[in-house]
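Have a look at the structure below, then the notes.
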2 protein chains.
Amino acid sequence: MNMNDSLEEAIEVLQQLGLKEYEARCFVGLSRLHTGTAKRLSEMAEVPRTRVYDAIRVLEAQGLVEIQHSSPQQFRAVPLDEATETLRDQYEGRVERLHDALDTVEMVEQDDETPVQQVWAMSGQDAIKNRTDQLIEDASEEVVLVIGDESLLTEDLVSSLNDVGNGVDLLIGALTESLQDQIKTAVPDATTFISGLEWLQGEDATENETAIGRLLLIDRSTILVSSLMPDTKDEQAIFGEGFGNGLVVIARRLMAQGLLTVRDPK
Amino acid sequence: MNMNDSLEEAIEVLQQLGLKEYEARCFVGLSRLHTGTAKRLSEMAEVPRTRVYDAIRVLEAQGLVEIQHSSPQQFRAVPLDEATETLRDQYEGRVERLHDALDTVEMVEQDDETPVQQVWAMSGQDAIKNRTDQLIEDASEEVVLVIGDESLLTEDLVSSLNDVGNGVDLLIGALTESLQDQIKTAVPDATTFISGLEWLQGEDATENETAIGRLLLIDRSTILVSSLMPDTKDEQAIFGEGFGNGLVVIARRLMAQGLLTVRDPK
DNA sequence: TTGAATAGTCACCCGTTTAATCACAAAAAG
DNA sequence: CTTTTTGTGATTAAACGGGTGACTATTCAA
């Protein structure tokens, strides 16, 4: 990646982390300046000089820059490692506060008429990863997992797989041999296999550009299927639980197609 | 804390984490509803019904809620642990990307005329903590530290103190006996003492409400002094390096006042 | 000392975002 | 066949953020 792109990337990420554009620009500007006045910073970061002062004040309050109160004032960025650590601390604190606040509250009564046909949709690689890990942890009998992309075989996933109870069968499939090898060494207890769902790929590929992401079946009663946008890495999943669930139809189809039969000749 | 306050707190924190007000309200609303339609959620969360849909879409894209595409649609929040973990992952990723981006860039040349009189100001408890830890790690001869408030004795600080090189003297002071005891057990290698800066407290207390936070002197050439707003827990520090520094005057005053003489009779 | 340049603070403008409401068509429910 | 409910879209008003210029104080160099 080009250096100017790195600068742009840094600015963008800082904004995602909650900074305004000027604040972000000033911070990356200072990061390559070691120390500077408002004027120099204004030129380097392409921020109107008169606005540098506001931006710096905010950054200082967040612990990202230091100010020398001389005349003229000098600014400098906190060392990178310190800055990232500070940001981490900030967010860790917020997430913790959120967790505490919500977990003293949860749940108002409900007039439950569970409509049995529960199929839920969710998005986001992180969220689906976490749900996958959680489901595997809670498995009591059998885990069937098909992984469609190398990037989905994360550390957390591996440790979840290795931590399942003793009586739980592990059946893991991959789309390529190299991926299967990785799985074999990472999760020795699992029975692995390749393919078994070419039909699924074929059927899908005609319609749109989505690739199969994950396919997870827990205790034959809970299922999660995700697809992966090849370019954007965006992941979307559907998720269902309960035997009577409509999604189990998919599971049956899979079994009929011979995917699950791999298990018996084991 | 009251439960309604918890709700408010959660909403506020979610906004700090980047959500809009409606999104935040909808999420905490769903968090206590287990599952709900737009109408119920609208009443519970005090969000206009017609706007619930937009908010939910954003939340779904972030992996914080699941949608059941039935009619009417049903929404539900991801379990709290999964949600916080997802948020964590999100921010960890961003901070990492920031670090990588800035790492490849740093430093444009500089016409250095170091004005020797460097006194820098910084704010924020996290940032000052990180700076403190860093300075202690880099110490080569002597660390003099005075801690003004119990909350400042963090794990990171303790491990930094215990990790200093062999030839480095550790001199740690506290304002109260109980704090001194904590330090003794946490950092056995240190020489501890109490007080030695009543004069500083006195002088300050007349003017404003700030209490002394940290006081750190590294190798007799780098110094950091912080004050703590008693109510807001807001911390502000000044920081200087180099022998010729004006701040060293303060260090001399401290020595003259007998603070540092504790070291000699050791 | 004086004039020019620099430093710093304010106040203002304008486009975008976002909270908030309304109008309307499709779909359920009675 | 009404009457709610549900979902989408357009619209308004206020808040926010980016962008610019006026103005004063300070510094520096004639």
Side-chain angles (χ1 to χ4, degrees), chain A residues 7-8 11-30 33 35-62 65-76 111 113 115-117 119-121, chain B residues 8 11-12 14-30 33 35-62 65-76 111 113 115-117 119-121:
Chain A
L7 292 181
E8 290 305 316
I11 293 173
E12 207 181 302
V13 174
L14 280 168
Q15 284 180 274
Q16 291 173 357
L17 288 168
L19 296 191
K20 307 304 171 198
E21 186 186 327
Y22 285 171
E23 294 155 18
R25 300 190 88 85
C26 281
F27 182 76
V28 310
L30 275 185
L33 216 48
T35 177
T37 67
K39 184 179 174 68
R40 275 200 70 186
L41 181 56
S42 149
E43 293 156 359
M44 161 128 298
E46 296 182 347
V47 170
R49 187 185 60 85
T50 58
R51 280 322 189 71
V52 167
Y53 301 96
D54 312 68
I56 291 288
R57 260 189 282 274
V58 175
L59 289 171
E60 199 263 359
Q62 301 220 3
V65 311
E66 301 165 68
I67 300 179
Q68 185 172 19
H69 291 289
S70 51
S71 182
Q73 299 184 299
Q74 297 268 115
F75 312 123
R76 74 175 182 193
D111 31 51
E113 351 125 2
V116 274
Q117 187 69 2
V119 180
W120 298 92
Chain B
E8 290 305 318
I11 293 173
E12 207 180 302
L14 280 168
Q15 286 182 274
Q16 291 173 357
L17 288 169
L19 297 190
K20 307 302 170 198
E21 186 186 327
Y22 285 171
E23 294 155 18
R25 301 191 88 86
C26 281
F27 182 77
V28 311
L30 275 185
L33 217 45
T35 177
T37 67
K39 185 179 172 68
R40 274 198 74 186
L41 181 55
S42 147
E43 293 156 357
M44 163 127 296
E46 296 182 347
V47 171
R49 187 186 61 83
T50 58
R51 304 273 86 209
V52 167
Y53 300 96
D54 311 67
I56 292 288
R57 261 188 281 274
V58 176
L59 289 171
E60 200 263 0
Q62 302 221 358
V65 312
E66 300 164 68
I67 300 180
Q68 185 172 17
H69 292 288
S70 52
S71 180
Q73 303 184 294
Q74 297 267 116
F75 311 124
R76 75 175 181 192
D111 30 51
E113 352 126 358
V116 275
Q117 186 69 2
V119 180
W120 297 91

Subject >> Distance, nearest 0.5 Å, that separates CD of A:E23 from CZ of A:R51 >> reply: 10.5 Å
Original post:
Rounded to the nearest Å, what distance is computed from the CZ atom of residue B:F75 to the C1' atom of nucleotide D:dG7?
Top reply: 9 Å
Original post:
Within this structure, what is the CD1-to-C1' distance between A:I67 and C:dG8, rounded to whole angstrom?
Top reply: 13 Å
**OP:** Please work out if A:R57 contacts a base, only the sugar-phosphate, or nothing of the nucleic acid, heavy-atom cut-off 4.0 Å.
**Re:** sugar-phosphate
Subject >> For atom CD of A:E60 and atom P of C:dG8, their distance in whole Å >> reply: 15 Å
Subject >> Spacing of B:Y22 atom OH and B:S42 atom OG [to the nearest 0.5 Å] >> reply: 10.0 Å
Original post:
Could you state the NE2-P distance from B:H69 to D:dG7, rounded to the nearest angstrom?
Top reply: 11 Å
Subject >> Side-chain heavy atoms of A:Q74 within contact of A:T37, under 4.5 Å >> reply: yes
Subject >> Distance in angstrom units between B:D54 CG and C:dT17 P, rounded >> reply: 15 Å
Subject >> Non-hydrogen atoms of B:I11 and B:A24 that approach each other most closely >> reply: O-CB, 3.7 Å
Subject >> Any B:L19 side-chain heavy atom under 4.5 Å of B:Q62 side chain >> reply: yes
Original post:
Starting at CG of A:L19 and ending at P of D:dG17, how long is that distance when rounded to a whole Å?
Top reply: 12 Å
Subject >> Selection from C:dA7, D:dG7, C:dG8 that lies nearest to any side-chain heavy atom of A:Q73 >> reply: C:dG8
Original post:
Using the C1' atoms of the five pairs at each end, what is the angle between the end axes of the helix from C:dT1-D:dA30 to C:dC12-D:dG19, to 10°?
Top reply: 0°
Subject >> nucleotides 18-30 of chain D: protein proximity per nucleotide (B base, S sugar-phosphate only, - neither; heavy atom, under 4.0 Å) >> reply: BBBB----SS---
**OP:** Assess whether atom CD of B:Q73 is packed by more than 12 heavy atoms of other residues, nucleotides or ligands within 6.0 Å.
**Re:** yes
Original post:
Going from CE on B:M44 to CG on B:L30, what distance comes out if it is rounded to the nearest 0.5 angstrom?
Top reply: 10.0 Å
Subject >> Between D:dT6 (C1') and B:I56 (CD1): distance, integer Å >> reply: 15 Å
Original post:
Minimum heavy-atom separation for B:E8 to B:R25, with atom names?
Top reply: OE2-NH2, 4.4 Å
Original post:
Does some side-chain heavy atom of B:F75 sit less than 4.5 Å from a side-chain heavy atom of B:V52?
Top reply: yes
